[in-house]
Amino acid sequence: LFSPPVNKEETGVLDGTRHAPASRSDVSAYLGLWRICGRCKLKLYGGYWMCDLAGLNFGITAAYSYGIHLSDPWSEEVSQSIGAVVHQYDCFFVEPTKCEPPCVRVHHAECL
């Protein structure tokens, strides 16, 4: 069974006390930190929405994937779309996942 922390001083985390939700302006300011500078067509890569990379000439040569578990469809699709080498990092699953050509991956069995 999980027992929540007793107090913040002992654990460095909150004690489970409910807090009022953030204001609309605070949420807007936070989301603004992640705003994309420009517009792009969205595409689903391995279950994650991001800008469509196909046909873009950004000179991207590498991508990074963290905590890949037993499969990493995101890195496979990204590598196949733009030809970048994907560096995968996972210290719990040390065997590289499958990668159908033209996908190129480098697996790093380490935690970051």
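For reference, positions follow the sequence shown, starting with 1.
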Tabulate below the donor-acceptor pairs under 3.5 Å that side-chain atoms of residues 62-70 make, not counting sequence neighbours, or state none.
from, atom 1, to, atom 2, distance (Å)
Ser65, OG, Asp72, OD1, 3.4
Ser65, OG, Asp72, OD2, 2.8

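- In the hydrophobic clustering, Val104 connects to Val85, Val106, either directly or through intervening members, whenever side-chain heavy atoms lie under 4.5 Å apart.
- In this structure, the side chains of Lys43 and Met50 stay at 4.5 Å or more apart for every pair of heavy atoms.
- Between Glu76 and Glu100, some side-chain heavy-atom pair lies under the 4.5 Å cut-off.
- Nearest approach of Cys91 to Val94, heavy atoms of both residues: O-CG1, 3.9 Å.
- Interatomic distance, OG1 of Thr97 versus CD of Glu95, reported as 10.5 Å (0.5 Å rounding).
- Neither Phe93 nor Tyr89 shares a network with the other; the hydrophobic side chains, linked directly or stepwise wherever heavy atoms of I, L, V, M, F, W or Y lie under 4.5 Å apart, form separate groups for each.
- A donor atom on one side chain and an acceptor atom on the other are found under 3.5 Å apart for Arg105 and Ser75.
- Atom CG in Leu42 sits 6.5 Å away from atom CH2 in Trp49 (nearest 0.5 Å).
- When atom types are taken as modelled, the side chain of Glu77 and the backbone of Tyr45 share no donor-acceptor pair closer than 3.5 angstrom.
- Put simply, CG on Asp90 and CD on Glu110 are 11.0 Å apart, with the number rounded to the nearest 0.5 Å.
- Side chain of His87 to backbone of His108: no donor-acceptor contact under 3.5 angstrom is found.
- Atoms OG and CH2, from Ser79 and Trp74 in turn, are 10.0 Å apart once rounded to the nearest 0.5 Å.
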